[in-house]
Amino acid sequence: MIRSAQRELSTVSGKGPGRTMHEQSRTLIVDALAAPIGTKHRIQGWIRTRRDSKAGLSFLNVNDGSCFDNLQVVAPGELSNYEDTVLRLTTGCSVTVEGELVASQGAGQTIELRADTIELVGDVEDPDTYPVSAKRHSFEYLRSVAHLRSRTNTFGAVARVRHCLSYAVHDFLHRRRFLYIHTPIITASDCEGAGEMFRVSTLDLLNRENATEGQPAPADYADDFFGREAYLTVSGQLSVESYCCSLSNVYTFGPTFRAENSNTSRHLAEFWMIEPEIAFGDLADDATLVTAFLKHLIRTVLEERADDMKFFDLRIKKGLIDSLHKVVEADFARVSYTDAIAELEKAKKKFEFPVKWGIDLQSEHERFLTEELYQQPIIVIDYPKEIKAFYMRLNDDEKTVAAMDVMVPGIGEIVGGSQREERLDVLDRRIDEMGLPREPYWWYRDLRRYGTVPHAGFGLGFERMIQYVTGMANIRDVIPFPRTPRSADF
RNA sequence: UCCCCCAUAGCUCAAUUGGCAGAGCGAGCGGCUGUUAACCGCUAGGUUGUUGGUUCGAGUCCAACUGGGGGAGCCA
């Protein structure tokens, strides 16, 4: 596919036989901007703006997504197609430009490409209705043209930061000898216990073969594809625990699906989650890992995407870079749930939800703790067992479990984790207490019957991390094509 | 799912008590200029989200629906 697409493109630009990517004579703009003056380049990208000078030349800002900055192309009036092509280029047109890098006479940039040839690859049908014209657009509007919004500064920057973070996740864990485990997307029973699930089925619910008189027949999952009910995963954790109990340090990084009817700026029906799991480790190890992990991600983005981060700092959230630097330097505060409740009770602030030991922390409580009291990311540990999942390890006080939530200013909860209950008798007791059936967990319980080990892990919401790092207010703007209730366009 | 708010030109928004549909940006054309948030002039651009209702008359008032935003819950 790529080969033929390249051939097509090469034909359009009249450059002879097709080339594969690595043979291509194309210079990406990120490389062109770093190349020495006097070198010749062939660049390809999309026009951001065109400015004409009646001194007989035009300026084209061209972007190809390889970095934040555009390359300024100077188009001399002597070009054979200056009148009929260059002067008709509009925002969004794709072009191939060959020329020489020269020192720029203007302000805004140090170098520019003086064009020898400019070829129009793809025209813009109607500049008046081009959806991402050269003006400010609201994020709400851009969501309705999600197929084109990556051509804007903001969404290009988000995509590059997203890639950088994604790469940094693998890099950090790989270097610490974690193995990347591909846990299943389809799960066969509702035993993951993390909320509403999407059903996976090949049954035609609207046209049952055995429907009679408009009366639908009852579902019989024995006839379904898997011969039983199946769902999209809400977490890879239980699966990855099994690999943890043999390969030691492991992680998942994949799509996750929640059918919750959540309509907020920090929920998606389809999102990506990173779930490391460490063997022979406890909650303290888990907290140490998550701290180093988050710091590494932030540090990497600040270094490798300085161009995009500068933009976010300037246009999206003032002071963003400073606050991220502080996070990298300061240690995260670790506070027990019990102490956090005490702090909230002491606080002069009036909360809508009254504070009392045993309650789940509400948004307003989390915000107060991380944004006002500590003013940095905090790790709250040891929650009451009643408000946490069955698999979390029961502490010696018999009242709390070894759970942790990491909350950050502006987002709230970004990580949820725990030490897992490795004692079969305690696990069984907890399953019973929560009114869950033991049977579906047979394999999970097996892990505790055969060479059980203390282990712990956490789940990091990848999009929330991107939000935190970029300052983007809405989670729908940090994933290419967001899926939310009543919305699955593109 | 609950509460509040919104829907008018390609986009962002105006429109007086219910009385002729407006501006800025973007776009097209022209002028000026090694330009870069350019600047100056002209032009085009509308079934006011959908359906129904009240009224002599509805962008404006009422109802339902659809879509969107903010907050809450659930969570990552």
Side-chain angles (χ1 to χ4, degrees), chain A residues 48-62 69-77 87-88 90-92 102-109 112 114 124-145 148 152-153 192-196 234-237 255-275 290 315 352-353 360-364 366-367 387-389 405-408 411-417 458-468 473-476 479 484-487 489:
Chain A
R48 284 291 179 82
T49 59
R50 188 196 87 221
R51 295 178 298 278
D52 304 321
S53 163
K54 281 292 156 24
L57 68 162
S58 294
F59 300 91
L60 308 173
N61 274 334
V62 181
D69 287 321
N70 304 320
L71 176 65
Q72 171 158 290
V73 169
V74 181
L87 285 182
R88 290 161 92 173
T90 59
T91 303
V102 297
S104 179
Q105 300 170 33
Q109 62 284 317
E112 61 195 22
R114 195 180 58 216
V124 165
E125 219 176 69
D126 179 4
D128 189 36
T129 55
Y130 179 58
V132 282
S133 57
K135 73 174 291 282
R136 272 206 73 215
H137 294 287
S138 67
F139 292 149
E140 291 81 7
Y141 165 71
L142 287 170
R143 267 171 233 151
S144 72
V145 287
L148 296 171
T152 64
N153 282 335
E192 301 193 32
E196 293 297 307
V234 292
S235 163
Q237 181 205 314
T256 309
F257 307 88
R258 304 272 168 95
E260 305 286 347
N261 192 3
S262 299
N263 295 288
T264 80
S265 57
R266 55 188 191 286
H267 287 87
L268 291 166
E270 176 183 292
F271 64 100
W272 289 65
M273 189 156 63
I274 298 141
E275 297 171 291
V290 77
R315 293 293 166 86
E352 190 190 336
F353 293 87
D360 211 348
L361 294 180
Q362 304 295 313
S363 273
E364 57 172 345
E366 295 181 354
R367 294 180 82 104
I387 59 174
K388 288 293 181 184
D405 283 351
V406 180
M407 20 199 113
V408 298
I411 312 287
E413 189 182 338
I414 195 169
V415 168
F458 62 83
L460 168 67
F462 189 51
E463 285 76 15
R464 287 190 184 174
M465 186 64 192
I466 301 171
Q467 276 190 277
Y468 181 52
N474 197 310
I475 199 165
R476 293 161 198 175
I479 189 167
T484 55
R486 292 177 305 283
S487 173
D489 294 333

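In what follows, chains carry the letters A, B, and so on, assigned in the order in which the sequence lines appear, proteins first and then strands, with residues in each chain numbered from 1.
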Open item on the list: Strictly below 4.0 Å: does A:R114 bring a side-chain N or O up to OP1 or OP2 of B:G34?
Closed with: no

TODO: Give a yes or no on whether the backbone of A:T90 and the side-chain of A:Y130 come within a donor-acceptor separation of less than 3.5 Å.
DONE: no

- [ ] Let me know, please, whether A:F462 or A:R476 comes out on the 5' side of the other along RNA chain B by nearest nucleotide.
- [x] A:R476

- [ ] Describe the nucleic acid contact of A:F271 in one word from base, sugar-phosphate, nothing, applying a heavy-atom distance below 4.0 Å.
- [x] base

- [ ] Identify whether any heavy atom of A:E352 sits under 4.0 Å from a base atom; if not, whether one sits that close to sugar-phosphate; answer base, sugar-phosphate or nothing.
- [x] nothing

Open item on the list: For the C1' atoms, the ones on B:A44 and on B:A21, what distance do you get once it is rounded to whole angstrom?
Closed with: 16 Å

Task: Ion pair check, A:D405 and A:K388, cut-off under 4.0 Å - done: yes

- [ ] Provide the Watson-Crick or G-U wobble partner of B:A63, both distances under 3.5 Å; none if there is no partner.
- [x] B:U51

Task: Touch class at under 4.0 angstrom, heavy-atom based, for A:E140 against every strand present - done: sugar-phosphate

Task: Assigned partner base of B:C2, Watson-Crick or wobble definition, under 3.5 Å - done: B:G71

Open item on the list: So is the aromatic ring of A:F59 stacked onto the base of B:G34, judging by whether the centres are under 5.5 Å apart and the planes are under 30° apart?
Closed with: no

Open item on the list: Any base atoms under 4.0 Å from A:E364, or only sugar-phosphate, or nothing? Heavy atoms, all strands.
Closed with: nothing

Open item on the list: Heavy atoms only, 4.0 Å cut-off, all strands: where does A:T90 land among base, sugar-phosphate and nothing?
Closed with: sugar-phosphate

Task: Who pairs with B:G28 - Watson-Crick or G-U, where each distance is under 3.5 Å - done: B:C42

- [ ] Under 4.0 Å between any heavy atoms, over every strand shown, what does A:G108 touch: base, sugar-phosphate, or nothing? Just pick one.
- [x] base

Open item on the list: When you measure only distances, ignoring hydrogens and angles, does the side chain of A:R464 come within 3.5 Å of the base of B:C75 through a donor and an acceptor?
Closed with: yes

Task: Inter-nucleotide P distance (B:C25, B:U43), Å rounded - done: 15 Å

Open item on the list: Tell me if the side-chain of A:D128 makes a donor-acceptor pair with the base of B:G26, cut-off 3.5 Å, by modelled atom types.
Closed with: yes

Task: A:E112 and A:L71, any side-chain heavy atoms less than 4.5 Å apart - done: no

Open item on the list: A:R48 and side chain to side chain donor-acceptor pair (under 3.5 Å): which single residue from A:N61, A:N153, A:T91 fits?
Closed with: A:N153

- [ ] For A:M273 and for A:V74, locate the closest nucleotide of RNA chain B by heavy-atom distance; then report the residue assigned to the nucleotide nearer the 5' terminus.
- [x] A:V74

Open item on the list: Applying a 4.0 Å non-hydrogen cut-off, can you work out what A:D52 is touching in the nucleic acid: base, sugar-phosphate, or nothing?
Closed with: base

Open item on the list: When you measure from the side chain of A:Q467 to the backbone of A:I411, do you find a donor-acceptor pair of N or O atoms at a distance under 3.5 Å?
Closed with: no

